[in-house]
Each structure stands twice: as C-alpha cells, then as structure tokens.
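Heavy-atom basis, side chains included; hydrogens, waters and symmetry copies ignored. Here is how names work: the chains are called A, B, and so on, in the same order as the sequence lines, proteins then strands, and each is numbered from 1.
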Protein chains: 2
Amino acid sequence: MGTVGKALDLLDLFTRQRAQVGLSEMARLSGLNKATCHRLLTEMESRGLVEQIGPAREYRLGPAVLRLAALRETAVPTRDAAMPVLQALARATGETAHLSLREGDKLVTIAFAYAPTHATKVMMEDADILPWHATSSGQAVLAFLPDTEVTALLARPLRRLTEVTETDPTRLRLRLKDVRARGCAETAGTFESDAQSVAVPLFLNGDSAVGALGVAVPVNRMTPDRQTLIRRELTVAATEIIDLWGGQVPPAVTALWQRLT
Amino acid sequence: MGTVGKALDLLDLFTRQRAQVGLSEMARLSGLNKATCHRLLTEMESRGLVEQIGPAREYRLGPAVLRLAALRETAVPTRDAAMPVLQALARATGETAHLSLREGDKLVTIAFAYAPTHATKVMMEDADILPWHATSSGQAVLAFLPDTEVTALLARPLRRLTEVTETDPTRLRLRLKDVRARGCAETAGTFESDAQSVAVPLFLNGDSAVGALGVAVPVNRMTPDRQTLIRRELTVAATEIIDLWGGQVPPAVTALWQRLT
DNA sequence: TGTTGATGGTTCATTATTTGAACCGTTGGT
DNA sequence: ACCAACGGTTCAAATAATGAACCATCAACA
C-alpha cells in the first residue's frame with residue numbers, strides 16, 4: 001500500500017465515539033510508527049483535512065472536508081436531492097427513514113429523516129457504518145451485487161450482534177437469494193434487538209446496487225399491515241430517488257417491486 | 001512536499017466549474033507526471049475520496065467526503081450550529097448572509113442564507129473561495145490576524161477584479177488598520193461590481209480570526225440606515241455563533257462592536 | 001482505410017522519499 | 001525526585017515514488 005493510502009486510512013480512525021485522537025494513540029490504532037504518523041498528519045493538516053486542537057494537541061477532522069463535501073454535493077446532489085424524498089417517506093410511514101451508500105467495502109448512512117408522529121422511534125446518526133450481514137440495507141445491497149463482490153464483502157467473520165443475527169455465510173446467502181427474488185430485504189432484531197427494518201436497493205446505471213433505502217421501526221409497533229405499507233412506500237421513494245439521481249431502475253427490479261405485496 | 005500533499009492538492013483541482021477531470025488534464029493542471037497522477041488518483045479512489053465515472057473515465061470527488069463531513073459536523077457542529085443564526089440574520093437584514101472559514105491560505109464559504117424578502121439578491125454558492133483583498137469577509141479576517149500571517153497571505157499579486165478593487169498592498173494594509181479599529185469591514189463593488197458587503201471577523205479562542213460573517217447587498221439597495229442595521233445585526237449574530245461554537249469574543253472586539261454605529 | 005492526435009493506462013530502471021529506533025523536552029501523577 | 005506518557009524530531013537504511021517511453025483505444029478526417 002502506498003503512502004497516500006496510509007494517510008487516508010488514518011482518517012478512518014476518527015469515529016463518532018472517538019472524534020479526536022492524539023498522536024500516540026493514532027500510531028497505536030493504525031500500527032504505523034509514531035514519526036510516520038506525525039508526518040502524515042502534519043501533511044494532511046497543511047491541507048486542512050485534519051486539524052490540531054487544544055493543549056493536548058489532539059487531531060480531528062478539519063474544515064476542508066466541509067468544503068469538499070459541499071463541492072461534491074453541488075456537482076452530484078446525492079444527499080440534497082434525496083433529502084425531501086426521505087422526509088416524505090418518513091412522514092408517509094410514520095417511521096425513521098434512512099439512506100445508505102456503498103463506499104468500497106463499507107455501507108455508510110449518509111442521510112436520515114425522523115417522522116414527527118411518534119414519541120418512540122429508531123434513532124440514527126449520520127456517517128454510521130452499517131454491517132452488511134445484520135441490516136436490511138446491507139442485505140438489500142448484497143442481494144444486488146455480483147457474486148464475486150459478495151464473496152469479498154463477506155470474507156471477514158460475521159459478528160453476532162444480537163441473539164438472532166445470522167452469522168453463517170451459507171445461510172446468509174440463502175437469505176440473499178430470497179431478497180433478490182423479492183426486491184426487498186427485511187430484518188427483525190438482527191442489528192439492534194428492539195428494531196425491525198425493511199430496505200430496498202438503490203441503483204444508478206446497471207444492475208449493481210450502489211446503496212439502499214430503508215425504514216426502521218420499533219419491534220413493538222410493527223404489524224403486517226404496516227409492513228406492507230412500508231414496502232409500497234419504499235419502492236415508490238426509491239424509484240423517485242433513483243430518478244432524481246439521473247439513474248435507472250433495472251427493469252427486472254421494477255417488475256419485482258410492482259409484484260410486491 | 002510529500003506524496004500525500006501532492007495527492008491532496010489534486011483534490012483542490014476540482015471546482016464547481018470543473019467538477020470532473022480526466023487523467024491527462026489532471027496531470028496538466030497539477031504539473032505532475034501522468035503516471036504519478038494516475039497512481040495517486042487510484043489510491044484515493046480505493047478510499048472513496050474520488051471516483052471514476054462515465055465512458056470517459058473522468059474523476060470526480062467521491063462519496064467518502066460526505067461521510068467525513070458528516071463525521072466532522074457531529075463532532076464539531078460548525079455549519080449546522082451556525083445555520084439557524086445565519087438564516088435569522090438573512091431575515092433580519094433582508095439580505096444574503098454568508099459564513100466563511102479560513103482554511104490555510106484560503107477563505108472558503110461554508111454556508112449562506114437568502115432572505116425571502118426581495119426578488120433581487122446577491123447569489124452565493126457553497127465552497128466558494130473568496131479573495132482576501134477584494135471581499136469584506138477577507139478583510140475582516142486579515143485585520144484580525146498576526147502581521148506575519150497577513151504578509152504571507154498577501155504575498156501573491158492581488159488581482160484587479162473590478163474597477164475599484166484595491167490592488168496596492170500598502171493601501172490595503174491601511175484599510176485593514178481601519179477595519180481593526182472598527183471591528184467591521186465594508187466593501188462596495190470590489191469583488192463584483194454590483195454588490196456591496198459588510199463583514200465581521202469570527203473568533204474561537206484567542207485574538208486571531210478563524211473566519212468571517214458577512215452580509216451582501218445589491219448596490220442599488222444600500223442606504224446608510226440599512227448599513228447601520230446590518231452592522232448591528234452582524235455583531236449580534238457573530239457573538240451568537242461564536243458562543244454556539246463554544247468560543248469567546250475577545251473583549252477588545254466586544255468593546256469595538258458595542259461602540260459601532 | 002489509413003493517418004493523426006487525443007485519450008486512459010502501464011512498465012521499470014533510476015532516484016528521491018519514506019521509514020522507524022532512538023532520541024529530546026514537557027507534562028502530570030505519585 | 002521520580003516515572004511514565006505525551007508530542008515531536010533525527011538520520012542512516014530501506015523502500016516507495018517517479019517519469020520517459022510505451023500500449024491500446026477512440027474520434028475526427030481525408
């Protein structure tokens with residue numbers, strides 16, 4: 001791996017739980033030498049990608065990422081375009097809607113919307129990384145990815161997040177086959193034990209999924225009727241978003257979605 | 001300059017006017033060898049910082065910047081925290097309000113808000129890079145920066161953007177002295193000939209400005225009364241934003257702002 | 001149909017940069 | 001006064017970056 005890759009990998013060490021990291025810890029987390037780490041960080045700091053703060057001189061993500069994100073959004077209004085649809089979806093279903101995109105081997109939540117209706121709802125956060133095997137969004141994407149990619153993404157051991165998380169690759173693949181046949185993934189308590197969710201894949205051009213649109217519901221509120229409603233609304237919203245992105249729903253998927261009950 | 005710096009500099013070649021760039025053009029713009037450029041880009045692509053699209057295989061900013069920006073905002077709600085204040089400022093003044101942050105040697109607009117009042121207004125865009133010498137925001141920041149930094153930032157020749165742009169460093173420094181004495185910068189037609197604007201510096205900790213808050217008005221609508229109103233509203237809004245950021249207005253500046261008419 | 005000139009991408013010997021153990025100066029706790 | 005951890009620096013050795021020349025492909029054009 002090149003130097004640039006190492007530097008960029010350092011950025012992935014920042015998480016919501018660990019928004020700022022000191023030099024030594026950075027070296028420890030990344031496995032790089034402290035001196036190397038320091039050089040990479042100062043180089044990124046000079047470009048504003050990270051910044052150093054406080055008396056402890058800890059590092060955190062810098063303001064440049066805001067500029068880059070704004071630039072990306074004006075060029076490719078992925079998030080901004082989908083936001084209104086996402087809000088409408090949350091309103092129509094009365095539940096939490098969220099949009100995730102694939103970034104290499106990660107599935108990242110880039111937007112979400114709460115419904116004003118209920119006091120209890122499934123909470124979400126931006127920039128959350130979703131596990132492929134334990135979320136409906138993850139499964140929705142996997143089901144519409146070439147087999148070689150699926151294999152690569154499921155190569156690492158599948159963590160058992162709750163009592164009912166499917167951790168057996170073979171059984172998971174059977175599940176994906178089902179998702180592929182229906183055009184829609186559904187999980188209950190596999191990620192967080194009190195949340196249930198439904199998701200559909202999102203496409204741009206071609207038959208390969210680039211992300212997923214999902215709705216999450218507290219388990220105690222889910223009913224068959226509600227589930228049916230959510231499925232319907234999801235397919236409508238997904239079609240709309242793909243259209244806004246200037247993409248196309250694969251005809252095969254459109255057919256599946258029309259047949260969905 | 002290290003390899004990482006070169007890679008990150010490539011990101012700055014993306015602008016709103018030029019959202020996607022081919023390999024050869026990238027090499028031309030950056031002055032790097034095509035092979036080098038290619039390696040840096042593919043390395044960044046593997047981390048999602050850029051992506052390649054279309055039959056022409058052009059490069060553009062990737063989805064990872066969205067995730068990083070979201071992460072940065074949850075850690076340091078710079079933009080999100082300021083947004084409501086910015087909107088209130090736009091409403092109160094009836095004009096376009098904008099917030100810019102310093103990123104190394106650049107001044108970047110990271111948020112703006114339009115007033116619903118008028119049909120004509122000064123338009124803005126996210127991720128705009130403002131010239132230090134020709135905008136009130138730029139001057140507001142410069143006026144509250146250590147002299148050594150000012151010298152560095154004004155080292156490059158000052159472009160004459162309109163008829164009345166000040167391009168003489170010595171005269172500009174006199175102007176900055178005035179801004180420093182008043183706590184507020186005002187320009188008319190120095191950036192775009194039909195826009196006039198007022199700006200105040202923003203602080204975090206210490207006496208060094210980190211950005212600026214500005215209001216832009218079409219020249220034909222500006223009156224002394226309006227200008228006074230804008231100054232007042234600006235200082236109030238700036239104080240509020242700095243407070244939301246968990247920073248502190250330097251006492252000397254608070255005093256200036258109270259004395260402003 | 002062959003020519004030209006542009007594109008994206010690759011190769012590999014040369015070269016310059018990255019690397020990391022050991023170091024320094026500070027800080028905070030005991 | 002001591003120790004341990006911190007951020008940061010040094011410099012010879014090791015490694016990765018570099019770039020001229022190279023393909024393959026495409027579009028325009030005669």
A.B. asks: OP1 or OP2 of D/dG7 versus the side-chain N and O atoms of A/Ser24: is any pair under 4.0 Å?
C.D. replies: yes
A.B. asks: Under 4.0 Å: is that the gap between some side-chain N or O of B/Arg57 and OP1 or OP2 of C/dG9?
C.D. replies: yes
A.B. asks: With heavy-atom distances below 4.5 Å as the criterion, would you say the side chains of A/Trp245 and A/Glu240 are in contact?
C.D. replies: no
A.B. asks: Could you please name the option among C/dG8, D/dG19, D/dC6 that lies closest to any side-chain atom of B/Leu23?
C.D. replies: C/dG8
A.B. asks: In whole angstrom, what separates A/Glu25's CD from D/dA4's P?
C.D. replies: 20 Å
A.B. asks: Can a side chain N or O of A/His38 be found less than 4.0 Å away from OP1 or OP2 on D/dG7?
C.D. replies: no
A.B. asks: With heavy atoms under 4.0 Å as the rule, sort A/Gln52 into base, sugar-phosphate or nothing.
C.D. replies: sugar-phosphate
A.B. asks: Is any side-chain N of the basic residue among B/Glu43 and A/Lys6 closer than 4.0 Å to the acidic one's carboxylate O?
C.D. replies: no
A.B. asks: For the pair B/Phe144 and B/Phe203, name the ring-plane relationship: parallel under 30°, tilted 30 to 60°, perpendicular over 60°.
C.D. replies: perpendicular
A.B. asks: Using five pairs at either end of the helix from C/dT1-D/dA30 to C/dT30-D/dA1, determine the angle between the two local helix axes and round it to 10 degrees.
C.D. replies: 40°
A.B. asks: If we ignore hydrogens and angles and just use 3.5 Å, is the side chain of A/Thr36 paired with the main-chain N or O of A/Lys34 as donor and acceptor?
C.D. replies: no
A.B. asks: Does A/Arg47 come within less than 4.0 Å of B/Asp105, counting only side-chain N to carboxylate O?
C.D. replies: no
A.B. asks: Look for any protein N or O under 3.5 Å of an N or O in nucleotides 12-19 of chain C and output each such pair with its distance, or none.
C.D. replies:
from	atom 1	to	atom 2	distance (Å)
C/dT18	OP1	B/Thr3	N	2.7
C/dT18	OP1	B/Thr3	OG1	2.9
C/dT18	O5'	A/Arg39	NH1	3.3
C/dT19	OP1	A/Lys6	NZ	2.7
C/dT19	OP2	A/Arg39	NH2	2.2

A.B. asks: Among B/Glu45, B/Gln52, B/Glu51, which one satisfies side-chain hydrogen bond (donor to acceptor under 3.5 Å, both in side chains) with B/Tyr59?
C.D. replies: B/Gln52
A.B. asks: Any salt bridge linking B/Asp128 with A/Arg67? Criterion: basic side-chain nitrogen under 4.0 Å from a carboxylate oxygen.
C.D. replies: no
A.B. asks: Between B/Tyr59 and C/dT7, is there a contact of a side-chain N or O with OP1 or OP2 at under 4.0 Å?
C.D. replies: no
A.B. asks: At what distance, to the nearest 0.5 angstrom, does CG of B/Leu49 lie from CD of A/Glu103?
C.D. replies: 9.0 Å
A.B. asks: Begin with the C-alpha distance, continue with both residues' side-chain angles, and end with the deciding distance and a verdict on side chain to side chain donor-acceptor pair (under 3.5 Å) for A/Thr165 and A/Thr162.
C.D. replies: CA-CA 5 Å; A/Thr165 308; A/Thr162 72; 3.2 Å; yes
A.B. asks: Go through the N and O atoms of the side chain of A/Lys34 and the base of D/dG8, and report whether any donor-acceptor pair is under 3.5 Å.
C.D. replies: yes
